[in-house]
Amino acid sequence: MTIRRVAIIGLGLIGGSIGLATGEMLGEIETTGWDADPEVRRRAAERGLVASVGDTAGEAVADADLVILCVPVGAMEEAASGIAASLKPGVIVSDVGSSKGSVAKALARALPDATIIPAHPVAGTERSGPDAGFAELFRHRWCILTPGADAPEAAVADLSAFWEGLGAKVEIMDAEHHDLVLAVTSHIPHLIAYTIVGTASDLEDVTRGEVIKYSAGGFRDFTRIAASNPVMWRDVFLTNRDAVLEVLGRFNEDLTALQRAIRNGDGDTLHDLFERTRTIRRSIIEEGQDDARPDFGRKDH
């Protein structure tokens, strides 16, 4: 790996975790960073999320071999344009956004001469901000790279090695396929969580507060997901609109079929669905993507 200096633009949960993980696991790599919020920059410096926090984005990316944009996907193009004049030749520009097709186009418009390799570390928590980051966030999690057809193989190999150095498992796929897969595994689940928690909020007065008081485990899991960064998720749904709408249409069809089975007392259909979905849960645990313990093995960071 030829990467010796990494610049991180955006020092919240993901950016901060990249900085901490790089310092802990790839100590030979120098880290710099910047955030548009002065208070975030101050706190990032206090926590040591990166070795040095620049006064400007341009200062942070100067001489960097790798620049990672850790901003909401709707802000990618503006963030990239802001550093364009400060990038050195041959720098790899990447990101951490949850939708990839729109990001690739935005970065190409802003940085037509740069080596752009979009990426998505499939890791996170409902927390956000510079105090949310921790070095172990990417361990045993997938990071998906979606390089364009003209991306240099050496640059793809360098970025893969960087993420593997942070403990992640790397997968390379087409951006359009990524966006469809993540619509199923992440975006629609978040949309459902936001919806059911919003419905519960509307019912609070009707039930005299009992929805919150008697929250069972399933609802609590929904509230954890629904507590995620609202700006980030607003942008995800807008930038991955086509894939989200495609999967949402399929979900609505399946929901209608389930509604029909309940109305008709069709216990066999319900049982078959629940048995099939339980098998999927077991497969996720076997793949190491979650933990079977009651607390899911999650620690409070």
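Numbering of residues begins at 1 and proceeds along the displayed sequence. Being a predicted model, the structure only gives us computed values, none of them experimental.
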query: Is I14 close to L137 at the side-chain level, that is, under 4.5 Å between some pair of heavy atoms?
result: yes
query: Among pairs that include at least one residue of residues 227-244, which meet salt bridge (charged side-chain N to carboxylate O under 4.0 Å, His left out), considering only residues two or more places apart or in two chains?
result: none
message: Quick check for you: to the nearest 0.5 Å, what is the distance between T2 atom OG1 and F162 atom CZ?
response: 12.5 Å
message: Check this for me: does any side-chain nitrogen of one of R141 and E164 sit under 4.0 Å from a carboxylate oxygen of the other?
response: no
- request: Look only at the side chain of S94 and the backbone of I117, and say whether a donor-acceptor pair between them is shorter than 3.5 Å.
  value: yes
field: D254: partners by salt bridge (Lys or Arg N to Asp or Glu O under 4.0 Å), with sequence neighbours left out
entry: R250
Show which side-chain atoms of residues 71-91 pair as donor or acceptor with protein atoms under 3.5 Å away, not counting sequence neighbours.
from : atom 1 : to   : atom 2 : distance (Å)
E77  : OE1    : R109 : NE     : 3.2
E77  : OE1    : R109 : NH2    : 2.8
E77  : OE2    : R109 : NE     : 3.2
S81  : OG     : E77  : O      : 2.9
K88  : NZ     : D65  : OD1    : 2.7

- request: Output all residues satisfying salt bridge (Lys or Arg N to Asp or Glu O under 4.0 Å) with R278, sequence neighbours left out; order by chain, then residue number.
  value: E275
task: Taking side chain to side chain donor-acceptor pair (under 3.5 Å) as the test, write out the residues that go with S98, two or more places apart.
output: H187
statement: By salt bridge (Lys or Arg N to Asp or Glu O under 4.0 Å), D95 pairs with (sequence neighbours left out) K100
- request: Could you tell me whether the side chain of T31 and the main chain of V50 form a donor-acceptor pair under 3.5 Å?
  value: no
All side chain to side chain donor-acceptor pair (under 3.5 Å) counterparts of S17, not counting sequence neighbours: none
message: If we ignore hydrogens and angles and just use 3.5 Å, is the side chain of R41 paired with the main-chain N or O of L11 as donor and acceptor?
response: no
message: Checking N229 now: which residues fulfil side chain to side chain donor-acceptor pair (under 3.5 Å) with it, not counting sequence neighbours?
response: none
task: List in chain and number order the residues that pass ring pair (Phe, Tyr, Trp, His ring centres under 6.0 Å) with Y194, two or more places apart in sequence or in another chain; answer none if no residue qualifies.
output: none
message: A side-chain contact here means heavy atoms from C-beta on lying under 4.5 Å apart; do V181 and V184 qualify?
response: no
field: Partner set under side chain to side chain donor-acceptor pair (under 3.5 Å) for E246, not counting sequence neighbours
entry: none
query: Does anything in residues 171-181 pair up under side-chain hydrogen bond (donor to acceptor under 3.5 Å, both in side chains), and if so which pairs, sequence neighbours excluded?
result: H120-H178
- line: Those residues at least two apart in sequence (or on a different chain) that pass salt bridge (Lys or Arg N to Asp or Glu O under 4.0 Å) with R5 are E30
query: Sub-3.5 Å donor-acceptor pair from the side chain of N240 to the main-chain atoms of S99, do we have one?
result: no
